[in-house]
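Note on naming: letters A, B, ... go to the chains in the order of the sequence lines (proteins, then strands), and numbering restarts at 1 for each one.
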Protein chains: 2
Amino acid sequence: MSRPGREPTLRDVSLRAGVSRMTVTRVFIRPDQVLPETRARVQQAVAELGYVPDRAAGSLATRRSGFVGLVLPTLVNGNFAALAEGLTESLRPSGYDLLIGYTGYSMQEEERQVRTLLSRRPEAVVLAASAHRESVGRQLARSGIPVVEVADLPEQPLGHMIGFSNHAVGVRAAEFLIGLGHTRIAALGPARCADRRDLRGEARLAGFSHALARAGLPTGLVRGDGAIPLSFGEGARLMGRLLDEAPDLQAVFAVSDLAAVGALMECRRRGIDLPGQLSLLGFGNFEIGQQTVPSLSTIAVDFDALGRRAGRLIAALLRPRDAGPPSPSPSPSMAVDVGFTVIARQSTAGVAS
Amino acid sequence: MSRPGREPTLRDVSLRAGVSRMTVTRVFIRPDQVLPETRARVQQAVAELGYVPDRAAGSLATRRSGFVGLVLPTLVNGNFAALAEGLTESLRPSGYDLLIGYTGYSMQEEERQVRTLLSRRPEAVVLAASAHRESVGRQLARSGIPVVEVADLPEQPLGHMIGFSNHAVGVRAAEFLIGLGHTRIAALGPARCADRRDLRGEARLAGFSHALARAGLPTGLVRGDGAIPLSFGEGARLMGRLLDEAPDLQAVFAVSDLAAVGALMECRRRGIDLPGQLSLLGFGNFEIGQQTVPSLSTIAVDFDALGRRAGRLIAALLRPRDAGPPSPSPSPSMAVDVGFTVIARQSTAGVAS
DNA sequence: CATAGCGATGTGAACGGTCACATTGCAAGA
DNA sequence: TCTTGCAATGTGACCGTTCACATCGCTATG
């Protein structure tokens, strides 16, 4: 190394290669503008010194951080992780790095995350945490960067939306179970604490209740009291309570496959036959649901594709950064409904009549 | 806002508050050095302008990015996600942000990730991807920052290690199953492709074979041909193949709970009674294993704690940055063995004699 | 043969903070 | 009253890169 202790800089490389600093930069940014011989000399110096450009300095000069922020409730959820991976991959060709923050479903934490994030000057932000404090929207709006909300279609969007209606999912779930001939129908969903909330789960639950009521069926067995995040164990626990209270249950919708699989296992422990005695429907199409016995009927959304789509949108929004006018017309807010699919597997069946 | 289009800067705030830029900075860095009245005036200007400090600029000046890099195989694995969350949380008090990259188990991709990462000048790097190209070690060594490898105890460490011996896990798994009286014992593990490898899974498998051989038992049923990453479906598929070939099998070790649960479901589909006809042992203590019927015996490692521990180590290493000598003595490489625990649940049982 | 034109390279000034080192004002002690 | 000392604030340079623009040398063209 040239200077002890410090990492080599552009200057070190330029001195060694016998060119100016600008030429070295060009070798990285626009190699075609540099004569092949010069380029080779520079590249050798780079290799010898082990020089890696400092993007923080670059960001400062270009006013472009190369970051896209992603805020989600938790990483410990296959679908959110898949979303993150899809986003990363679709953003890679454009050279953006993902900066991930997770809120643990807490709105207060989300606020903190967004503030932290903004200090890194992301060029766009993707929000997958559905419950926002008002201040979050204010901060994001002020920063002037594109905001994309995913995995939902909120009533009061902060920016673009790529997702699906969780309320519609709930409605469809109810219609599906009703269509099978069930009438004593229950649902398992998240509790509403003051700060920790799973708004999407709540929306699915609300849609479910709504459709039940519309069909003239009782909604008393729709339970919004699951601990967040809904897990296998929580699903089993909730199912146990439900079975204790209403042994003559015919069908259950769990707002998450995780809870549904837990519920399925609880049924197995109690010797309840699925779908013979009870139909069970989940949401999320987690891989485990394909393998359980019986396999789990569910409602599927392609989260990886959701992430990819968000990434493509962002790449497109950010590309003509130079072309268009500064930002007088913040491109009209897009809303993309990617829909969802009911996947009927073995855990649901019609009522024998 | 003050200047149209641009985000407000320190200068905008200082002008509005009628102080110098340095005073504004101090309100953020060392508030106690600023007179309360002045501080209040500055804070009001900050609030009015919606000013958020630019950390890229700050990094440049302080030569500290505030980033810690984390490279892992995939996020779509509860244990790695838990590790990431544990790391994040233990680093938060010290003000570090996590920069996550994932390799999809590819060594080539890992190399790319590390290079990208280094351009953001992380102050430390945590590696959870066990298979490294040589160049990765070179790059990291040259950068001079602390490196922590987690979830393994490699023979040729790149820096510090916090983990457990995957080979020992395999040995212990075999001893456990042998101890139950089984002799026809199989194992399911990852295949070894050229680039995509799961070295930790391979190590568990190798340890398992080793212990089997040492006990004079045949190792022909130890299968290292699972698609990476090992999933529920892959576990089911592998188990099916195994049962077709060796119907008189007595015990199976799957190097991941995910594969083990898949295998468990496959057994159920085939009407094979666990643990009556077959003992099944997994690894990883994923939550689902507690809920399956029968519940899954497994080998547990606390990944969240692993992440926390790595975070604490890094925080400690980085703290006295100012105190100690520049870096003549790169603090001796630490190796922490966090061990593992066999959790015997219902899927394993002794042979009836 | 002069010169316009272009491609390759160099120059100095930002970018937005923070560092080390002044400078100022004021209270305590000789 | 005159230091001395400290707390609060200001000054200019610098962190490593890239921007806009200038310069250089060469070739093609009239």
Do Glu149(B) and His132(B) get their side chains close enough for a donor-acceptor pair, meaning under 3.5 Å?
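Yes, side-chain donor-acceptor contact under 3.5 Å.
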
Rounding to a whole Å, what distance do you find between [X]:[atom1] and [N]:[atom2]?
X	N	atom1	atom2	answer
Leu35(A)	dG25(D)	CG	P	15 Å
Gln33(B)	dG10(D)	CD	P	13 Å
Glu37(B)	dA8(D)	CD	C1'	11 Å
Arg30(A)	dT9(C)	CZ	C1'	15 Å

Using a strict 4.0 Å threshold on nitrogen-to-oxygen distance, state whether [X] and [Y] make a salt bridge.
X	Y	result
Asp54(A)	Arg120(B)	no
Arg6(B)	Asp12(B)	no
Arg133(A)	Glu110(A)	no

Produce a footprint string for nucleotides 13-23 of chain D: one letter per nucleotide, 5' end first; B if the base is under 4.0 Å from any protein heavy atom, S if only the sugar-phosphate is, - if neither.
B-BBBBB----

Might you work through the side-chain contact (heavy atoms from CB on, under 4.5 Å) test for Thr9(A) and Arg21(A), ending with a clear yes or no?
CA-CA 9 Å; Thr9(A) 77; Arg21(A) 292 171 321 172; over 6 Å; no

Can you name the one residue among Leu72(A), Val147(A), Thr103(A), Leu70(A) that meets side chain to side chain contact (heavy atoms under 4.5 Å, CB included) with Leu127(A)?
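The residue from Leu72(A), Val147(A), Thr103(A), Leu70(A) that satisfies side chain to side chain contact (heavy atoms under 4.5 Å, CB included) with Leu127(A) turns out to be Val147(A).
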
Compare side-chain N and O positions of Thr23(A) against OP1 and OP2 of dG10(C) and report whether any pair is under 4.0 Å apart.
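Yes, because at least one side-chain N or O of Thr23(A) sits under 4.0 Å from OP1 or OP2 of dG10(C).
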
